[in-house]
Number of protein chains: 2
Amino acid sequence: MNKAQPRTRIQRKNIETILEAALDVFSQYGFRGSTLDQIAKTAGLSKPNLLYYFPSKEAIHVALLSELMDNWLGPLRSMNPDGDPIPEILSYVQRKLEMSRDFPRESRLFANEIIQGAPRIEDAIKGDLKTLVDDKASVISKWVSEGKLAKVDAYHLIFSIWSLTQHYADFEVQVALVLAEKNERSHEDASLFLTTLFTRLLTP
Amino acid sequence: MNKAQPRTRIQRKNIETILEAALDVFSQYGFRGSTLDQIAKTAGLSKPNLLYYFPSKEAIHVALLSELMDNWLGPLRSMNPDGDPIPEILSYVQRKLEMSRDFPRESRLFANEIIQGAPRIEDAIKGDLKTLVDDKASVISKWVSEGKLAKVDAYHLIFSIWSLTQHYADFEVQVALVLAEKNERSHEDASLFLTTLFTRLLTP
DNA sequence: AAAATGTTTGACCAAATGGTCAAGAGCAGG
DNA sequence: CCTGCTCTTGACCATTTGGTCAAACATTTT
């Protein structure tokens, strides 16, 4: 079960199928609320077959989460310290919002894990994530002190971006029910709203 | 099992104890991830004893949710259409933030339920919640059209308030880990940040 | 203090759960 | 075609799960 390079085509395909199914199930019910049978059924494989590719339920979950953490931080990582502050932040917001639209299950998987106390990714949060956030927060603080951004707490700014963008994925059902009969342009509306919000917040 | 008026003192006390324990457990693991044994143990009661007061696991969950929905919408409900727009909204934000700080389990219970597709509160959302939101959104839109607020989409404004305030409860672990060695004034910082954010967003 | 009512629980049940295993099916290289 | 390997699964297992029940224990009412 080399994570680096699954050997055969069958392995590659099945591991792919399993992770896809597991994402479906875990993102909806959380770790403890999900069952191997559910995942197996969703994947169209037998339960022992899952356990041929992964040693346990937890291993599947961990595989999903570690794959996710990397992608999830991509947009923040690519915020350029030498770029133009407001456009840099606005485009970070946009990229995060697009991820919420395009990968809502990933967002929910992450949300579930954090709500449950992050037992399986505490280390990643204290490590990679915190390092990255500290780094970017200091960039933002520098921008503020240079007068390129209105005065804001950099950490809470980052939290606000996560919160506002992920909300559209994590609370999708609620948003949809409340906006019910409204026109189906919700993503564009959200995009416009967030651009306005962060522009007004950050313009010196 | 009169929900209106539990008869004896013992009933009142035990129902209270059970709901308290259930809130602890459900808010952490979601409905499917929680077990009656866990709740019973947390409550210090035997499992059959729980089922003497509630007919099923689901009944406990529903009882919690319906109690919650009412309290949860209190702050929004008390936003005064005849008040001063910006202070009204800012104080709504503050009250919501305080609820996140003082009742994080309730916030997580709600978040879990929505993430999982809101199977047990879909009706409440389509009904009471939507009605209230429609009502308040129209108040906000009126304020905007009267020039008392900067131009914003009322619905997304409300979503943003929910999202930003609840984030501090739902993602508490993440926030705490990222802010680790920082001073322990996180609530005041958040409060100040949100006041700034909404003031800049809404001031015409 | 007896009768009636309310409360508690040990023992139990059927179904579901995470996981194992041995045996069979499929497939690649010689 | 045969050999050795990868892949698949039915049958199985111990534990946990939501839920039942009758019998014991408390409390209140008469």
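Each chain gets a letter, A, B and so on, in the order the sequences are listed, and its residues count up from 1.
Checking B:F31, B:F54, B:F110 one by one against B:H61, the ring-ring contact (aromatic ring centres under 6.0 Å, His included) holds for a single residue, B:F31.
In this structure, A:Y53 atom OH and C:dG18 atom C1' are separated by 20 Å, rounded to whole Å. Rounded to a whole Å, the CD1 atom of A:I15 is 11 Å from the P atom of D:dT8. Per the geometry, OH belonging to B:Y29 stands 15 Å off C1' belonging to D:dT16, to the nearest Å. Between the CD1 atom of A:I39 and the P atom of C:dT17 there is a distance of 11 Å, given to the nearest Å. Taking atom CG on A:N49 and atom P on D:dG10, their separation rounds to 10 Å, with Å as the unit. Atom pair A:F26:CZ and C:dG18:C1' shows a separation of 11 Å (rounding to whole Å applied). In this structure, B:F31 places its CZ atom 12 Å from C1' of D:dT17, rounding to the nearest Å. Put simply, CD1 on A:I60 is 12 Å from C1' on C:dG19, counting in whole angstrom units.
A donor and an acceptor atom never sit less than 3.5 Å apart when one is taken from the side chain of A:K57 and the other from the base of C:dG19.
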For the pair B:I86 and B:W143, evaluate side-chain contact (heavy atoms from CB on, under 4.5 Å) and give the outcome as yes or no after the intermediate values. CA-CA 10 Å; B:I86 291 188; B:W143 284 339; over 6 Å; no
Check against side-chain contact (heavy atoms from CB on, under 4.5 Å), A:L164 and A:F198: CA-CA 11 Å; A:L164 288 165; A:F198 284 107; 3.6 Å; yes
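Regarding contacts with the backbone of C:dG6, every side-chain N or O of B:Q11 stays at 4.0 angstrom or more from both OP1 and OP2. Using a 4.0 Å cut-off, some side-chain N or O of A:N14 falls inside it from OP1 or OP2 of D:dT8. An OP1 or OP2 oxygen of D:dC21 is reached within less than 4.0 angstrom by no side-chain nitrogen or oxygen of B:Y52.
If B:R9 and B:R32 are placed on DNA chain D by their nearest nucleotide, the residue sitting closer to the 5' end is B:R32.
Nucleic acid contact class of B:I10 (heavy atoms, under 4.0 Å, all strands): sugar-phosphate only. The residue B:L36 sits close only to the backbone: its heavy atoms come under 4.0 Å of sugar-phosphate atoms, none of a base.
Distance from the side chain of A:P48 is smallest to D:dA11 among C:dG19, D:dA11, D:dT20. Taking the side chain of A:T35 as heavy atoms from C-beta on, and the options C:dG18, D:dT17, D:dG19, the nearest nucleotide is C:dG18. When distances are taken from the side chain of A:S46 to each of D:dT9, C:dA11, C:dG18, the shortest belongs to D:dT9.
For A:L97 against A:T165, the heavy-atom pair with the smallest separation is N-CG2, 3.8 Å.
A salt bridge is absent between A:E188 and A:R101: the closest approach of a Lys/Arg side-chain nitrogen to an acidic carboxylate oxygen does not fall below 4.0 angstrom.
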